[in-house]
Amino acid sequence: MDIADRLRPQDGRARIGINGVPVDLRISTLPSAVGEKVVVRVLDSSRTVLDLSSLGLNTDEVEGIRTLLEYRDGVILVTGPTGSGKTTTLYSAIRHVQSEGVNIVTVEDPVEYRLQGIVQVQVHEKAGLTFAAALRSILRQDPDVVLVGEIRDRETATIAIQASLTGHLVLSTLHTNDAANAVTRLVDIGVESYKIASALRGVVAQRLMRRLCTTCKEVWVEAIPEKLHRWIPPDTPLYRAVGCPECAMTGYQGRFSILEVLNITPEVERAITNDESAERIAEAGRKAGMRSLWESGLAHVLRGESTIDELLRVVDVPYEEDETPSPDRDKRTSGRTSRASGGETKRPDPAVIAAELVGEITDKPISTEFELLEPIEADGGAGHGVKVLLVDDEDQLRKVMRDLLERDGYDVSEAADGVEALDQVDRHAPDIIVLDLNLPGLDGYGVLSHLRSRPATENIPVVVLTAKGDEDNEVRVFEMGADDFLSKPFRAKALSARLQALLQRTRRVAPRRDT
(Lines give C-alpha, C1' and ligand atoms only; values in the text may rest on other atoms or scores of the structure.)
Protein backbone atom coordinates (compact mmCIF):
# COMPACT_ATOMS: atom_id res chain seq x y z
CA MET A 1 0.00 0.00 0.00
CA ASP A 2 1.09 3.56 -0.70
CA ILE A 3 0.82 5.26 2.69
CA ALA A 4 1.25 8.68 1.07
CA ASP A 5 -1.82 8.23 -1.13
CA ARG A 6 -4.91 9.05 0.91
CA LEU A 7 -7.24 9.84 -1.99
CA ARG A 8 -7.71 6.32 -3.41
CA PRO A 9 -9.19 3.17 -1.86
CA GLN A 10 -6.44 0.60 -1.28
CA ASP A 11 -6.11 -3.03 -0.26
CA GLY A 12 -3.04 -4.51 1.35
CA ARG A 13 -1.73 -7.19 3.62
CA ALA A 14 0.79 -7.62 6.40
CA ARG A 15 2.13 -10.38 8.62
CA ILE A 16 2.92 -9.84 12.28
CA GLY A 17 4.10 -12.10 15.08
CA ILE A 18 2.20 -12.37 18.38
CA ASN A 19 3.88 -14.52 21.03
CA GLY A 20 5.85 -16.20 18.27
CA VAL A 21 2.72 -17.05 16.25
CA PRO A 22 2.46 -15.53 12.73
CA VAL A 23 -0.83 -13.72 12.12
CA ASP A 24 -1.90 -12.41 8.69
CA LEU A 25 -3.72 -9.10 8.35
CA ARG A 26 -5.89 -7.98 5.44
CA ILE A 27 -6.18 -4.19 5.32
CA SER A 28 -8.72 -2.13 3.37
CA THR A 29 -8.75 1.69 3.32
CA LEU A 30 -11.51 4.01 2.08
CA PRO A 31 -11.24 7.81 1.77
CA SER A 32 -14.00 9.69 3.59
CA ALA A 33 -14.90 13.30 4.29
CA VAL A 34 -12.99 13.35 7.58
CA GLY A 35 -10.10 11.01 6.78
CA GLU A 36 -9.49 7.39 5.87
CA LYS A 37 -11.63 4.54 7.14
CA VAL A 38 -9.56 1.40 7.77
CA VAL A 39 -10.81 -2.16 8.21
CA VAL A 40 -8.37 -4.88 9.32
CA ARG A 41 -9.24 -8.58 9.06
CA VAL A 42 -7.24 -10.83 11.36
CA LEU A 43 -6.42 -14.26 9.90
CA ASP A 44 -4.84 -16.55 12.47
CA SER A 45 -4.11 -19.79 10.64
CA SER A 46 -3.30 -21.57 13.92
CA ARG A 47 -6.93 -21.14 15.03
CA THR A 48 -8.59 -21.95 11.73
CA VAL A 49 -11.09 -24.80 11.96
CA LEU A 50 -10.55 -27.26 9.12
CA ASP A 51 -13.01 -29.96 10.09
CA LEU A 52 -16.71 -29.96 9.24
CA SER A 53 -17.68 -31.52 12.55
CA SER A 54 -15.93 -28.70 14.45
CA LEU A 55 -17.73 -25.76 12.80
CA GLY A 56 -20.54 -25.81 15.36
CA LEU A 57 -23.14 -26.87 12.80
CA ASN A 58 -26.39 -28.68 13.46
CA THR A 59 -26.11 -32.42 12.85
CA ASP A 60 -28.34 -32.45 9.76
CA GLU A 61 -26.28 -29.64 8.22
CA VAL A 62 -23.01 -31.55 8.61
CA GLU A 63 -24.60 -34.61 7.03
CA GLY A 64 -26.03 -32.47 4.22
CA ILE A 65 -22.59 -31.07 3.31
CA ARG A 66 -20.97 -34.49 3.52
CA THR A 67 -23.62 -35.85 1.18
CA LEU A 68 -22.84 -33.12 -1.35
CA LEU A 69 -19.11 -33.86 -1.13
CA GLU A 70 -19.71 -37.47 -2.11
CA TYR A 71 -20.27 -36.33 -5.71
CA ARG A 72 -17.33 -36.77 -8.07
CA ASP A 73 -18.46 -34.03 -10.47
CA GLY A 74 -20.68 -30.99 -10.50
CA VAL A 75 -20.68 -27.57 -8.85
CA ILE A 76 -21.14 -26.91 -5.12
CA LEU A 77 -21.58 -23.25 -4.15
CA VAL A 78 -21.21 -21.52 -0.78
CA THR A 79 -22.99 -18.16 -0.59
CA GLY A 80 -23.07 -15.30 1.88
CA PRO A 81 -21.74 -11.78 2.48
CA THR A 82 -18.08 -10.93 3.07
CA GLY A 83 -16.87 -12.24 6.41
CA SER A 84 -19.55 -14.94 6.77
CA GLY A 85 -17.04 -17.80 6.97
CA LYS A 86 -17.36 -19.06 3.38
CA THR A 87 -13.61 -19.62 2.97
CA THR A 88 -13.33 -21.61 6.20
CA THR A 89 -16.26 -23.80 5.14
CA LEU A 90 -14.69 -24.38 1.72
CA TYR A 91 -11.31 -25.24 3.24
CA SER A 92 -13.04 -27.66 5.63
CA ALA A 93 -14.80 -29.24 2.65
CA ILE A 94 -11.46 -29.56 0.82
CA ARG A 95 -9.93 -31.26 3.84
CA HIS A 96 -12.89 -33.65 3.93
CA VAL A 97 -12.36 -34.83 0.33
CA GLN A 98 -8.55 -34.72 0.49
CA SER A 99 -6.92 -38.13 0.36
CA GLU A 100 -4.00 -39.84 -1.31
CA GLY A 101 -4.29 -39.73 -5.09
CA VAL A 102 -6.87 -36.90 -5.16
CA ASN A 103 -5.50 -33.96 -7.16
CA ILE A 104 -6.88 -30.73 -5.65
CA VAL A 105 -6.09 -27.30 -7.10
CA THR A 106 -7.41 -23.94 -5.88
CA VAL A 107 -7.43 -20.49 -7.47
CA GLU A 108 -7.95 -17.72 -4.91
CA ASP A 109 -7.66 -13.97 -4.41
CA PRO A 110 -6.00 -13.85 -1.97
CA VAL A 111 -4.73 -17.22 -0.77
CA GLU A 112 -5.76 -16.74 2.85
CA TYR A 113 -4.48 -19.96 4.42
CA ARG A 114 -1.78 -22.34 3.22
CA LEU A 115 -2.99 -25.93 2.96
CA GLN A 116 -0.41 -28.67 2.93
CA GLY A 117 -0.64 -31.12 0.04
CA ILE A 118 -2.88 -28.84 -2.06
CA VAL A 119 -1.80 -26.67 -5.03
CA GLN A 120 -2.99 -23.10 -4.43
CA VAL A 121 -2.85 -20.46 -7.18
CA GLN A 122 -2.87 -16.73 -6.39
CA VAL A 123 -4.80 -14.51 -8.79
CA HIS A 124 -2.75 -11.62 -10.22
CA GLU A 125 -4.98 -9.32 -12.27
CA LYS A 126 -2.20 -6.98 -13.46
CA ALA A 127 -0.16 -9.90 -14.79
CA GLY A 128 -3.20 -11.31 -16.61
CA LEU A 129 -3.71 -14.22 -14.18
CA THR A 130 -7.45 -13.82 -13.66
CA PHE A 131 -9.84 -16.42 -12.25
CA ALA A 132 -10.87 -17.43 -15.77
CA ALA A 133 -7.30 -17.65 -17.10
CA ALA A 134 -6.10 -19.61 -14.07
CA LEU A 135 -9.09 -21.93 -14.30
CA ARG A 136 -8.37 -22.74 -17.95
CA SER A 137 -4.79 -23.68 -17.10
CA ILE A 138 -5.85 -25.69 -14.06
CA LEU A 139 -8.10 -27.89 -16.18
CA ARG A 140 -5.02 -28.95 -18.16
CA GLN A 141 -3.41 -30.12 -14.89
CA ASP A 142 -5.77 -33.13 -14.61
CA PRO A 143 -7.43 -32.07 -11.32
CA ASP A 144 -10.06 -34.09 -9.49
CA VAL A 145 -11.33 -31.21 -7.35
CA VAL A 146 -11.12 -27.50 -8.21
CA LEU A 147 -11.77 -24.69 -5.75
CA VAL A 148 -12.53 -21.30 -7.32
CA GLY A 149 -12.34 -18.53 -4.74
CA GLU A 150 -15.26 -16.62 -6.21
CA ILE A 151 -17.38 -16.61 -9.37
CA ARG A 152 -17.42 -12.96 -10.36
CA ASP A 153 -18.19 -12.88 -14.07
CA ARG A 154 -19.72 -14.84 -16.93
CA GLU A 155 -16.40 -16.18 -18.21
CA THR A 156 -15.43 -17.70 -14.87
CA ALA A 157 -18.92 -19.10 -14.34
CA THR A 158 -19.02 -20.65 -17.81
CA ILE A 159 -15.62 -22.33 -17.42
CA ALA A 160 -16.56 -23.63 -13.94
CA ILE A 161 -19.83 -25.06 -15.25
CA GLN A 162 -18.06 -26.62 -18.24
CA ALA A 163 -15.41 -28.15 -15.96
CA SER A 164 -18.08 -29.72 -13.77
CA LEU A 165 -19.81 -31.21 -16.82
CA THR A 166 -16.56 -32.88 -17.90
CA GLY A 167 -15.97 -34.84 -14.71
CA HIS A 168 -14.57 -32.36 -12.17
CA LEU A 169 -15.94 -31.41 -8.76
CA VAL A 170 -15.91 -27.60 -8.57
CA LEU A 171 -16.31 -25.70 -5.29
CA SER A 172 -16.82 -21.95 -5.32
CA THR A 173 -18.54 -18.97 -3.67
CA LEU A 174 -21.14 -16.40 -4.69
CA HIS A 175 -22.43 -13.26 -3.01
CA THR A 176 -26.18 -13.85 -2.57
CA ASN A 177 -28.63 -13.57 0.31
CA ASP A 178 -29.73 -17.20 0.38
CA ALA A 179 -29.25 -20.51 -1.37
CA ALA A 180 -32.06 -20.23 -3.92
CA ASN A 181 -30.87 -16.82 -5.14
CA ALA A 182 -27.54 -18.37 -6.17
CA VAL A 183 -29.34 -19.82 -9.17
CA THR A 184 -30.86 -16.50 -10.23
CA ARG A 185 -27.47 -14.84 -9.73
CA LEU A 186 -25.84 -17.28 -12.17
CA VAL A 187 -28.62 -16.59 -14.66
CA ASP A 188 -28.03 -12.83 -14.27
CA ILE A 189 -24.32 -13.37 -14.94
CA GLY A 190 -25.24 -15.01 -18.23
CA VAL A 191 -25.19 -18.79 -17.66
CA GLU A 192 -27.99 -20.74 -19.34
CA SER A 193 -30.47 -22.21 -16.88
CA TYR A 194 -30.35 -25.71 -18.40
CA LYS A 195 -26.57 -25.82 -17.84
CA ILE A 196 -27.02 -24.71 -14.22
CA ALA A 197 -29.62 -27.44 -13.66
CA SER A 198 -27.28 -30.10 -15.09
CA ALA A 199 -24.14 -28.99 -13.31
CA LEU A 200 -25.29 -27.76 -9.88
CA ARG A 201 -25.23 -30.32 -7.06
CA GLY A 202 -26.03 -28.10 -4.10
CA VAL A 203 -25.85 -24.62 -2.58
CA VAL A 204 -24.91 -23.76 1.01
CA ALA A 205 -25.95 -20.31 2.29
CA GLN A 206 -24.08 -19.25 5.41
CA ARG A 207 -23.92 -16.67 8.21
CA LEU A 208 -21.93 -16.44 11.45
CA MET A 209 -23.45 -16.09 14.92
CA ARG A 210 -21.58 -15.37 18.13
CA ARG A 211 -21.53 -18.11 20.76
CA LEU A 212 -22.57 -17.29 24.32
CA CYS A 213 -19.83 -17.36 26.94
CA THR A 214 -20.53 -20.46 29.03
CA THR A 215 -18.95 -18.85 32.08
CA CYS A 216 -21.28 -15.89 32.47
CA LYS A 217 -24.44 -16.57 30.45
CA GLU A 218 -27.68 -16.15 32.37
CA VAL A 219 -31.28 -17.18 31.85
CA TRP A 220 -33.25 -14.42 30.13
CA VAL A 221 -36.32 -13.69 32.24
CA GLU A 222 -37.75 -10.81 30.18
CA ALA A 223 -40.67 -11.24 27.79
CA ILE A 224 -39.72 -12.08 24.22
CA PRO A 225 -40.91 -9.83 21.36
CA GLU A 226 -44.44 -10.59 20.22
CA LYS A 227 -43.32 -11.36 16.66
CA LEU A 228 -41.32 -14.33 18.01
CA HIS A 229 -44.11 -15.98 20.00
CA ARG A 230 -45.03 -18.29 17.16
CA TRP A 231 -41.42 -19.46 16.82
CA ILE A 232 -40.55 -20.18 20.46
CA PRO A 233 -42.53 -22.82 22.38
CA PRO A 234 -43.93 -21.73 25.77
CA ASP A 235 -41.69 -22.22 28.83
CA THR A 236 -38.59 -22.59 26.65
CA PRO A 237 -35.61 -21.16 28.59
CA LEU A 238 -33.57 -18.57 26.72
CA TYR A 239 -30.26 -16.98 27.67
CA ARG A 240 -28.76 -13.51 27.56
CA ALA A 241 -25.19 -12.24 27.26
CA VAL A 242 -23.73 -10.80 30.48
CA GLY A 243 -19.96 -10.30 30.22
CA CYS A 244 -17.01 -11.43 32.31
CA PRO A 245 -13.18 -11.37 32.09
CA GLU A 246 -13.24 -14.71 30.23
CA CYS A 247 -15.07 -13.14 27.26
CA ALA A 248 -13.58 -9.62 27.53
CA MET A 249 -16.92 -8.40 28.96
CA THR A 250 -18.74 -9.06 25.68
CA GLY A 251 -20.89 -11.99 26.80
CA TYR A 252 -19.79 -13.98 23.76
CA GLN A 253 -16.84 -16.25 23.07
CA GLY A 254 -16.25 -17.66 19.61
CA ARG A 255 -18.61 -18.03 16.65
CA PHE A 256 -20.43 -20.78 14.80
CA SER A 257 -22.06 -21.09 11.38
CA ILE A 258 -25.75 -21.28 10.58
CA LEU A 259 -26.52 -22.83 7.22
CA GLU A 260 -29.18 -23.29 4.58
CA VAL A 261 -28.35 -26.39 2.52
CA LEU A 262 -30.16 -26.67 -0.82
CA ASN A 263 -29.86 -30.09 -2.46
CA ILE A 264 -30.61 -30.23 -6.18
CA THR A 265 -33.38 -32.80 -6.23
CA PRO A 266 -35.27 -33.64 -9.46
CA GLU A 267 -38.01 -31.16 -8.48
CA VAL A 268 -35.47 -28.39 -7.81
CA GLU A 269 -33.73 -29.22 -11.11
CA ARG A 270 -37.02 -28.87 -12.99
CA ALA A 271 -37.67 -25.51 -11.33
CA ILE A 272 -34.23 -24.28 -12.41
CA THR A 273 -34.65 -25.54 -15.98
CA ASN A 274 -38.06 -23.82 -16.24
CA ASP A 275 -36.56 -20.48 -15.12
CA GLU A 276 -38.69 -20.41 -11.98
CA SER A 277 -38.21 -17.64 -9.42
CA ALA A 278 -35.99 -18.00 -6.35
CA GLU A 279 -39.11 -18.37 -4.20
CA ARG A 280 -40.29 -21.38 -6.21
CA ILE A 281 -36.81 -22.93 -6.08
CA ALA A 282 -36.71 -22.41 -2.31
CA GLU A 283 -40.17 -23.97 -1.99
CA ALA A 284 -38.99 -27.07 -3.87
CA GLY A 285 -35.94 -27.19 -1.60
CA ARG A 286 -38.07 -26.98 1.54
CA LYS A 287 -40.16 -29.91 0.33
CA ALA A 288 -36.91 -31.90 0.14
CA GLY A 289 -36.05 -30.97 3.74
CA MET A 290 -34.11 -27.72 3.41
CA ARG A 291 -34.01 -25.70 6.63
CA SER A 292 -33.79 -21.90 6.37
CA LEU A 293 -31.08 -19.75 7.94
CA TRP A 294 -33.62 -18.57 10.52
CA GLU A 295 -34.54 -22.13 11.51
CA SER A 296 -30.88 -23.13 11.68
CA GLY A 297 -30.08 -20.22 14.00
CA LEU A 298 -33.23 -20.78 16.04
CA ALA A 299 -32.12 -24.35 16.79
CA HIS A 300 -28.90 -22.97 18.33
CA VAL A 301 -30.85 -20.41 20.38
CA LEU A 302 -33.23 -23.07 21.72
CA ARG A 303 -30.18 -25.08 22.78
CA GLY A 304 -28.87 -22.11 24.75
CA GLU A 305 -25.82 -21.58 22.51
CA SER A 306 -26.68 -18.00 21.56
CA THR A 307 -29.27 -15.28 22.14
CA ILE A 308 -32.40 -14.03 20.42
CA ASP A 309 -30.72 -10.63 19.97
CA GLU A 310 -27.82 -12.27 18.15
CA LEU A 311 -30.18 -14.23 15.89
CA LEU A 312 -32.10 -11.06 15.00
CA ARG A 313 -28.82 -9.28 14.30
CA VAL A 314 -27.80 -11.90 11.75
CA VAL A 315 -31.06 -12.88 9.99
CA ASP A 316 -34.57 -11.48 9.67
CA VAL A 317 -37.70 -13.07 11.04
CA PRO A 318 -39.37 -14.92 8.13
CA TYR A 319 -42.14 -12.86 6.57
CA GLU A 320 -45.62 -14.21 7.00
CA GLU A 321 -48.47 -12.87 4.88
CA ASP A 322 -50.99 -13.76 7.56
CA GLU A 323 -49.47 -12.22 10.69
CA THR A 324 -52.73 -12.36 12.68
CA PRO A 325 -54.06 -15.90 13.08
CA SER A 326 -57.75 -16.40 12.52
CA PRO A 327 -59.81 -17.28 15.65
CA ASP A 328 -61.33 -20.31 13.93
CA ARG A 329 -57.99 -21.55 12.58
CA ASP A 330 -57.49 -25.27 13.08
CA LYS A 331 -54.59 -25.62 15.48
CA ARG A 332 -53.67 -28.91 13.92
CA THR A 333 -53.02 -27.31 10.52
CA SER A 334 -49.39 -27.88 9.62
CA GLY A 335 -49.10 -25.20 6.94
CA ARG A 336 -50.62 -22.05 5.47
CA THR A 337 -51.27 -21.08 1.88
CA SER A 338 -50.04 -18.11 -0.10
CA ARG A 339 -50.22 -16.96 -3.71
CA ALA A 340 -46.51 -16.22 -4.09
CA SER A 341 -45.00 -16.61 -7.54
CA GLY A 342 -48.39 -16.95 -9.21
CA GLY A 343 -49.32 -20.30 -7.69
CA GLU A 344 -50.66 -21.77 -4.48
CA THR A 345 -47.90 -22.87 -2.13
CA LYS A 346 -47.75 -24.25 1.37
CA ARG A 347 -45.91 -22.30 4.04
CA PRO A 348 -44.77 -24.36 7.02
CA ASP A 349 -46.38 -23.44 10.32
CA PRO A 350 -43.77 -21.81 12.63
CA ALA A 351 -45.23 -23.62 15.64
CA VAL A 352 -44.71 -26.97 13.92
CA ILE A 353 -41.13 -26.05 12.97
CA ALA A 354 -40.36 -24.93 16.53
CA ALA A 355 -41.79 -28.14 17.93
CA GLU A 356 -39.65 -30.15 15.51
CA LEU A 357 -36.53 -28.23 16.53
CA VAL A 358 -37.21 -28.83 20.21
CA GLY A 359 -37.87 -32.49 19.42
CA GLU A 360 -34.52 -32.79 17.65
CA ILE A 361 -32.79 -31.24 20.62
CA THR A 362 -34.39 -33.49 23.22
CA ASP A 363 -34.51 -36.78 21.30
CA LYS A 364 -30.88 -37.75 21.73
CA PRO A 365 -29.82 -41.41 21.51
CA ILE A 366 -28.47 -42.92 24.68
CA SER A 367 -24.70 -43.27 24.70
CA THR A 368 -22.57 -46.02 26.15
CA GLU A 369 -21.00 -43.49 28.51
CA PHE A 370 -24.31 -43.34 30.42
CA GLU A 371 -24.11 -46.74 32.01
CA LEU A 372 -23.30 -48.25 35.38
CA LEU A 373 -19.95 -49.90 35.93
CA GLU A 374 -21.46 -52.58 38.16
CA PRO A 375 -24.87 -54.21 38.73
CA ILE A 376 -27.37 -52.78 41.21
CA GLU A 377 -27.48 -54.43 44.62
CA ALA A 378 -30.04 -53.59 47.29
CA ASP A 379 -28.45 -52.04 50.37
CA GLY A 380 -31.38 -51.86 52.72
CA GLY A 381 -33.27 -48.77 53.84
CA ALA A 382 -30.41 -46.31 54.19
CA GLY A 383 -32.41 -43.59 52.48
CA HIS A 384 -35.79 -44.24 54.09
CA GLY A 385 -38.00 -41.16 53.86
CA VAL A 386 -35.43 -39.02 52.01
CA LYS A 387 -36.78 -37.20 48.92
CA VAL A 388 -34.43 -37.30 45.91
CA LEU A 389 -34.95 -35.45 42.65
CA LEU A 390 -33.20 -37.02 39.62
CA VAL A 391 -32.59 -34.57 36.78
CA ASP A 392 -31.30 -36.20 33.59
CA ASP A 393 -32.47 -36.21 29.97
CA GLU A 394 -31.58 -39.91 29.48
CA ASP A 395 -34.73 -41.90 30.23
CA GLN A 396 -32.90 -45.22 30.59
CA LEU A 397 -30.34 -43.82 33.00
CA ARG A 398 -33.02 -42.17 35.15
CA LYS A 399 -34.85 -45.50 35.35
CA VAL A 400 -31.67 -47.29 36.43
CA MET A 401 -30.89 -44.67 39.08
CA ARG A 402 -34.49 -44.64 40.31
CA ASP A 403 -34.45 -48.43 40.75
CA LEU A 404 -31.16 -48.16 42.60
CA LEU A 405 -32.32 -45.46 45.01
CA GLU A 406 -35.81 -46.85 45.62
CA ARG A 407 -34.24 -50.16 46.68
CA ASP A 408 -32.36 -48.16 49.29
CA GLY A 409 -35.59 -46.60 50.54
CA TYR A 410 -35.40 -43.18 48.88
CA ASP A 411 -38.54 -41.36 47.69
CA VAL A 412 -37.61 -40.52 44.10
CA SER A 413 -39.06 -37.97 41.66
CA GLU A 414 -37.74 -37.24 38.15
CA ALA A 415 -37.21 -34.41 35.68
CA ALA A 416 -35.99 -34.65 32.07
CA ASP A 417 -34.94 -31.02 31.59
CA GLY A 418 -34.01 -27.91 33.56
CA VAL A 419 -37.41 -26.20 33.47
CA GLU A 420 -39.15 -29.35 34.68
CA ALA A 421 -36.52 -29.70 37.39
CA LEU A 422 -37.29 -26.27 38.86
CA ASP A 423 -41.01 -27.08 38.73
CA GLN A 424 -40.41 -30.39 40.57
CA VAL A 425 -38.36 -28.58 43.22
CA ASP A 426 -41.31 -26.28 43.94
CA ARG A 427 -43.79 -29.17 43.92
CA HIS A 428 -41.96 -31.80 45.98
CA ALA A 429 -39.35 -29.89 48.02
CA PRO A 430 -36.63 -32.57 47.65
CA ASP A 431 -34.03 -33.16 50.35
CA ILE A 432 -31.30 -33.67 47.75
CA ILE A 433 -30.91 -33.26 43.98
CA VAL A 434 -28.89 -35.35 41.51
CA LEU A 435 -28.31 -33.00 38.57
CA ASP A 436 -26.99 -33.69 35.06
CA LEU A 437 -25.33 -30.75 33.28
CA ASN A 438 -26.12 -31.56 29.64
CA LEU A 439 -29.86 -30.87 29.57
CA PRO A 440 -32.10 -29.59 26.75
CA GLY A 441 -33.21 -26.00 27.07
CA LEU A 442 -32.17 -24.85 30.53
CA ASP A 443 -28.96 -26.77 31.25
CA GLY A 444 -27.58 -27.93 34.60
CA TYR A 445 -25.57 -24.73 35.07
CA GLY A 446 -28.76 -22.68 34.76
CA VAL A 447 -30.64 -24.94 37.19
CA LEU A 448 -27.81 -24.70 39.72
CA SER A 449 -27.71 -20.92 39.34
CA HIS A 450 -31.47 -20.68 39.94
CA LEU A 451 -31.33 -22.91 42.99
CA ARG A 452 -28.53 -20.95 44.63
CA SER A 453 -30.17 -17.58 43.89
CA ARG A 454 -33.45 -18.39 45.69
CA PRO A 455 -33.59 -18.33 49.51
CA ALA A 456 -35.99 -21.29 49.58
CA THR A 457 -33.61 -23.56 47.65
CA GLU A 458 -30.12 -22.18 48.30
CA ASN A 459 -29.34 -24.87 50.90
CA ILE A 460 -30.64 -27.94 49.05
CA PRO A 461 -27.66 -30.32 48.54
CA VAL A 462 -26.85 -30.88 44.86
CA VAL A 463 -24.78 -33.74 43.44
CA VAL A 464 -23.67 -33.00 39.88
CA LEU A 465 -23.63 -36.15 37.76
CA THR A 466 -22.11 -35.58 34.32
CA ALA A 467 -20.04 -37.00 31.49
CA LYS A 468 -17.99 -33.78 31.49
CA GLY A 469 -15.48 -35.06 34.00
CA ASP A 470 -12.66 -32.60 33.29
CA GLU A 471 -11.03 -30.58 36.06
CA ASP A 472 -12.17 -27.16 34.79
CA ASN A 473 -15.78 -28.27 34.70
CA GLU A 474 -15.54 -29.73 38.21
CA VAL A 475 -14.06 -26.51 39.57
CA ARG A 476 -16.76 -24.46 37.88
CA VAL A 477 -19.71 -26.39 39.32
CA PHE A 478 -18.23 -26.19 42.81
CA GLU A 479 -17.80 -22.44 42.39
CA MET A 480 -21.48 -22.24 41.41
CA GLY A 481 -22.50 -23.99 44.62
CA ALA A 482 -22.59 -27.73 43.91
CA ASP A 483 -21.99 -29.98 46.93
CA ASP A 484 -20.53 -33.02 45.15
CA PHE A 485 -19.36 -34.11 41.71
CA LEU A 486 -19.69 -37.57 40.16
CA SER A 487 -18.53 -38.45 36.63
CA LYS A 488 -20.28 -40.83 34.24
CA PRO A 489 -20.02 -43.75 33.97
CA PHE A 490 -20.30 -44.38 37.71
CA ARG A 491 -20.48 -47.31 40.09
CA ALA A 492 -23.91 -48.11 41.50
CA LYS A 493 -22.79 -48.10 45.14
CA ALA A 494 -20.94 -44.82 44.70
CA LEU A 495 -24.12 -42.80 44.08
CA SER A 496 -25.95 -44.11 47.15
CA ALA A 497 -22.86 -43.74 49.34
CA ARG A 498 -22.29 -40.14 48.25
CA LEU A 499 -25.93 -39.25 48.89
CA GLN A 500 -25.75 -40.70 52.38
CA ALA A 501 -22.49 -38.92 53.19
CA LEU A 502 -23.76 -35.62 51.83
CA LEU A 503 -27.01 -35.85 53.78
CA GLN A 504 -25.10 -36.57 57.00
CA ARG A 505 -22.85 -33.54 56.46
CA THR A 506 -25.85 -31.37 55.69
CA ARG A 507 -27.68 -32.45 58.83
CA ARG A 508 -24.65 -31.65 60.97
CA VAL A 509 -24.27 -28.22 59.38
CA ALA A 510 -27.98 -27.36 59.34
CA PRO A 511 -28.24 -26.17 62.98
CA ARG A 512 -25.32 -23.80 62.47
CA ARG A 513 -26.98 -22.39 59.33
CA ASP A 514 -30.16 -21.71 61.30
CA THR A 515 -28.24 -19.82 63.94
Side-chain angles (χ1 to χ4, degrees), residues 43 45 47-121 131 134-135 138-139 141 143-151 156-157 160-161 163-164 167-176 178-179 182-183 186 199-209 255-264 285 289-291 293 296:
L43 304 175
S45 57
R47 301 182 64 180
T48 302
V49 177
L50 293 176
D51 183 70
L52 288 173
S53 60
S54 302
L55 294 176
L57 308 177
N58 294 314
T59 303
D60 61 323
E61 295 161 359
V62 176
E63 293 304 317
I65 295 178
R66 286 176 175 168
T67 299
L68 292 178
L69 294 176
E70 290 177 359
Y71 287 104
R72 292 295 173 262
D73 56 35
V75 176
I76 299 173
L77 297 175
V78 180
T79 74
T82 302
S84 61
K86 300 188 298 295
T87 300
T88 299
T89 300
L90 281 177
Y91 282 176
S92 301
I94 286 292
R95 282 298 190 199
H96 181 78
V97 300
Q98 185 181 16
S99 61
E100 187 175 355
V102 177
N103 184 9
I104 302 175
V105 184
T106 76
V107 51
E108 308 170 60
D109 183 25
V111 175
E112 295 191 351
Y113 300 109
R114 305 292 181 181
L115 302 178
Q116 187 175 3
I118 294 175
V119 177
Q120 297 175 273
V121 179
F131 276 107
L135 192 50
I138 287 172
L139 295 180
Q141 297 287 318
D144 299 302
V145 180
V146 179
L147 187 152
V148 182
E150 183 182 351
I151 294 179
T156 305
I161 294 289
S164 69
H168 303 88
L169 179 63
V170 180
L171 309 178
S172 189
T173 68
L174 270 179
H175 288 278
T176 62
D178 54 32
V183 176
L186 289 175
L200 197 60
R201 296 291 178 259
V203 184
V204 178
Q206 177 168 336
R207 299 291 189 278
L208 289 178
M209 283 179 61
R255 296 186 294 179
F256 57 85
S257 301
I258 59 173
L259 301 184
E260 182 179 76
V261 182
L262 173 64
N263 284 286
I264 308 302
M290 181 183 75
R291 179 184 293 178
L293 288 167
S296 175

Query raised in the report: Testing Asn58, Leu293, Leu57, Leu208 for side-chain contact (heavy atoms from CB on, under 4.5 Å) with Ile258, which one passes?
Result: Leu293
Query raised in the report: Would you say Arg291's side chain and Gly289's backbone share a donor-acceptor pair under 3.5 angstrom?
Result: no
Report task. Identify, with sequence neighbours excluded, every residue that meets salt bridge (Lys or Arg N to Asp or Glu O under 4.0 Å) alongside Arg66. Result -> Glu63
Report summary line: Closest heavy-atom pair, Ser164 versus Val170, reported as atoms and distance to 0.1 Å, is N-CG2, 4.1 Å
Query raised in the report: If we only count heavy atoms from C-beta on, is the Thr106 to Leu90 side-chain gap below 4.5 Å?
Result: no
Requested in this report: Over all heavy atoms of both residues, which pair between Leu169 and Tyr71 is shortest? Give the atoms and the distance, please.
Outcome: CD2-O, 3.6 Å
Report summary line: Residues Ile118 and Gln98: closest non-hydrogen pair is CG1-NE2, 3.6 Å
Query raised in the report: Less than 4.5 Å apart, any side-chain heavy atom of Ser172 and any of Val75?
Result: no
Requested in this report: Indicate yes or no for a side-chain donor-acceptor contact from Gln206 to the backbone of Gly85 under 3.5 Å, with no hydrogens or angles considered.
Outcome: yes
Query raised in the report: Hey, what do you get for CD1 (Ile65) to CG (Asn263), rounding to the nearest 0.5 Å?
Result: 10.5 Å
Report task. Just jot down the side chain to side chain contact (heavy atoms under 4.5 Å, CB included) partners of Thr79, sequence neighbours excluded, or say none. Result -> Leu174, Thr176, Ala182, Val203, Ala205
Query raised in the report: Could you state the interatomic distance from CD (Glu70) to NE2 (His96), rounded to the nearest 0.5 Å?
Result: 7.0 Å
**Report entry** Shortest non-hydrogen contact between Leu52 and Ala93, atoms and distance
**Finding:** CD2-N, 4.3 Å
Query raised in the report: Is there a side-chain contact between Leu68 and Val261, using heavy atoms and a 4.5 Å cut-off?
Result: yes
Query - Closest non-hydrogen atom pair, Ala157 against Ile151 - result: CB-CG2, 3.5 Å
**Report entry** Pairwise distance NE2(His168) to CZ(Arg72) - rounded to 0.5 angstrom
**Finding:** 13.5 Å
Query - Point-to-point distance, once rounded to the nearest 0.5 Å, from CG of Leu259 to OG1 of Thr89 - result: 6.5 Å
Query raised in the report: Checking side-chain contact (heavy atoms from CB on, under 4.5 Å) against Leu77, which of Leu171, Leu186, Thr173 comes through?
Result: Leu186
**Report entry** Heavy-atom closest pair, residues Leu147 and Glu108
**Finding:** CD2-CG, 4.2 Å
Query raised in the report: Quick one: salt bridge (Lys or Arg N to Asp or Glu O under 4.0 Å) partners of Arg207, sequence neighbours excluded?
Result: none
Query raised in the report: Which value, rounded to the nearest 0.5 Å, describes the distance between Leu69 atom CG and Ile76 atom CD1?
Result: 5.0 Å
Query raised in the report: Is there a side-chain contact between Asp109 and Glu150, using heavy atoms and a 4.5 Å cut-off?
Result: no
